[in-house]
Number of protein chains: 2
Amino acid sequence: MITKEHSTPESNILNAAKGIFHRKGMAATRMQEIADEAGINKAMLHYYYRSKQLLFEAVFKSAFSTLAPQLNEIINADNSLFDKIRNFTQNYISFIVKHPYLPNFIIQELNRNPEFVEKLFSEKMPNIDKFRKQIENDVKDGLIKPIKAEQLFINILALNVFPFVGAPLIKGFLNLDDDDFLKLMHERKTEVSNFIINAIKI
Amino acid sequence: MITKEHSTPESNILNAAKGIFHRKGMAATRMQEIADEAGINKAMLHYYYRSKQLLFEAVFKSAFSTLAPQLNEIINADNSLFDKIRNFTQNYISFIVKHPYLPNFIIQELNRNPEFVEKLFSEKMPNIDKFRKQIENDVKDGLIKPIKAEQLFINILALNVFPFVGAPLIKGFLNLDDDDFLKLMHERKTEVSNFIINAIKI
DNA sequence: GTCTATAGCCAGATAGAC
DNA sequence: GTCTATCTGGCTATAGAC
């Protein structure tokens with residue numbers, strides 16, 4: 001049975017907080033702005049979430065636990081390498097078009113709080129052995145050119161994630177308005193996987 | 001004749017400010033921290049740079065005017081496409097290893113201040129027509145597979161820039177220490193250009 | 001639970017002695 | 001030009017009425 005999504009004060013606050021924190025980050029966010037966005041009083045934020053720090057942590061955990069499983073797909077899914085690349089590209093870009101500030105937010109806050117990284121990954125350390133084996137086998141079978149699993153993983157991540165993180169830079173350099181940009185991103189759902197597969201296939 | 005680099009109070013302050021601003025961004029940076037880093041008094045910062053905002057702008061302009069010409073190379077250099085890709089990859093990665101926080105800083109602040117983008121690019125709007133023509137000709141000549149200039153530009157940027165922007169995420173997922181990470185980045189000076197060229201060459 | 005008013009702190013900026 | 005001391009504003013957090 002699926003839990004019904006009531007619009008509680010907590011969820012209203014959390015949603016408002018996500019919008020502001022994702023765009024501005026911890027330091028630049030003002031509790032007043034979150035209160036305004038949620039249509040409530042500033043004191044209410046503290047009633048429900050004690051402090052800015054705790055509210056921020058709730059937002060960050062939610063963001064990270066949304067993103068991490070998607071990246072884990074690359075490492076742990078059971079399908080073939082090319083299917084993996086196609087699926088991830090398709091799914092990730094579709095998802096991130098709806099949450100464009102999310103990767104940037106996570107990366108930003110990880111940069112500011114290096115101790116976060118240790119805490120987050122110490123609980124459930126990702127293991128790329130399976131992915132590495134898959135690459136090695138595909139190389140041995142003559143399906144793909146030799147490449148390190150780490151480098152391929154970085155390349156997949158880079159081609160999918162960067163356009164959203166670096167959106168303002170890209171828009172500036174290519175002189176694109178929001179509409180042009182979105183069209184390019186839409187194309188990338190297949191463009192990127194073709195690019196990667198062409199780069200490695202024999 | 002090359003102007004000699006004296007170590008003036010201004011330059012000391014600016015260098016200290018770069019270190020802090022690049023890592024923490026505008027909002028999270030404290031003037032006191034910059035003063036400590038520069039080994040001077042907080043009042044001196046205001047004596048030389050009026051306000052935090054003005055000091056920040058000096059740092060940002062310096063960062064942007066370092067990065068922009070490198071990206072322009074892709075669009076405007078006169079060499080062949082494959083050489084362009086090889087040169088940029090080699091040069092950019094070598095450079096950024098020494099200034100790892102720079103792209104993240106610029107992207108971050110562009111995200112927070114959308115009006116920045118307009119101001120920065122309105123003065124000297126980059127023009128990708130030349131690059132687009134080059135791609136179209138190489139496609140026509142049967143040198144490379146059909147690809148949009150915009151998509152190729154984004155891919156080159158993504159593969160080179162992202163690993164540094166997303167470093168904490170990558171280190172976490174691949175369980176790398178700083179040393180492992182640096183080794184991978186060194187490999188990428190040739191790895192990335194090979195990857196791109198394999199993806200597009202016929 | 002929800003609000004108004006305010007306490008308390010922190011950081012940017014300045015006054016003024018040297 | 002350089003410092004110490006201090007002002008001022010803004011922001012988080014809480015007290016307390018309802």
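In this text the structure is predicted, and so the values were computed from the model without any measurement. Values below: every heavy atom of this structure, side chains too, minus hydrogens, waters and symmetry copies. Below, read A as the first sequence line, B as the second, and so on, with proteins coming before strands; counting in each chain starts at 1.
When all heavy atoms of A:Ile147 and A:Val139 are compared, the closest pair comes out as N-CG2, 4.4 Å.
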For residues 154-169 of chain A, run the donor-acceptor check on the side chains, cut-off 3.5 Å, and write out each pair with its distance to 0.1 Å, sequence neighbours left out.
unit_1: A:Asn155; atom_1: OD1; unit_2: B:Arg188; atom_2: NH1; d: 2.9
unit_1: A:Asn155; atom_1: OD1; unit_2: B:Arg188; atom_2: NH2; d: 2.8
unit_1: A:Asn155; atom_1: ND2; unit_2: A:Gln151; atom_2: O; d: 3.4
unit_1: A:Asn160; atom_1: ND2; unit_2: A:Ile156; atom_2: O; d: 3.0

Side chains of residues 97-106 of chain B: which donor-acceptor partners sit under 3.5 Å, not counting sequence neighbours?
unit_1: B:His99; atom_1: ND1; unit_2: B:Phe95; atom_2: O; d: 3.3

Which atom pairs, donor and acceptor, lie under 3.5 Å between side-chain atoms of residues 87-94 of chain B and protein residues at least two apart or in another chain?
unit_1: B:Thr89; atom_1: OG1; unit_2: B:Ile85; atom_2: O; d: 2.8
unit_1: B:Asn91; atom_1: ND2; unit_2: B:Asn87; atom_2: O; d: 3.3
unit_1: B:Ser94; atom_1: OG; unit_2: B:Gln90; atom_2: O; d: 2.8

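In terms of the ring-ring contact (aromatic ring centres under 6.0 Å, His included) criterion, residue partners of B:Phe64 (sequence neighbours excluded) are, by chain and number, B:Phe121. Considering only residues two or more places apart in sequence or on other chains, A:Asn12 meets the side-chain hydrogen bond (donor to acceptor under 3.5 Å, both in side chains) condition with A:Ser7. For B:Arg132, the salt bridge (charged side-chain N to carboxylate O under 4.0 Å, His left out) criterion is met by B:Asp129, B:Glu150, not counting sequence neighbours. Partners of A:Asn72 according to the side-chain hydrogen bond (donor to acceptor under 3.5 Å, both in side chains) rule, which considers only residues two or more places apart in sequence or in another chain, are A:Asn76.
Listed by first and then second residue, the side chain to side chain donor-acceptor pair (under 3.5 Å) pairs that reach into residues 193-202 of chain A are A:Asn198-A:Lys201, sequence neighbours excluded.
Using a 4.0 Å cutoff to heavy atoms of chain B, the contacted part of DNA chain C runs 5' to 3' from C:dA11 to C:dT14.
For the segment residues 24-42 of chain B, residues with any heavy atom less than 4.0 angstrom from an atom of DNA chain C are, sorted by number, B:Thr29, B:Arg30, B:Met31, B:Lys42. Against DNA chain D, the stretch residues 46-59 of chain B makes heavy-atom approaches under 4.0 Å through B:Tyr47, B:Tyr48.
Here the CZ atom belonging to B:Phe21 is positioned 5.0 Å from the OG1 atom belonging to B:Thr29, to the nearest 0.5 angstrom.
Each end of the helix from C:dG1-D:dC18 to C:dC18-D:dG1 gets its own axis, taken as the rotation carrying the C1' atoms of four end pairs onto the next four within a five-pair window, and the two axes meet at 10° to the nearest 10 degrees.
Salt bridge present: B:Lys171 and B:Asp178 bring a charged side-chain N and a carboxylate O closer than 4.0 Å.
Between A:Phe116 and A:Phe60, the angle of the ring planes lies from 30° to 60°, which puts this pair in the tilted group.
Nucleotide D:dT12 holds its C1' atom 12 Å from the CZ atom of A:Phe21, rounded to whole Å.
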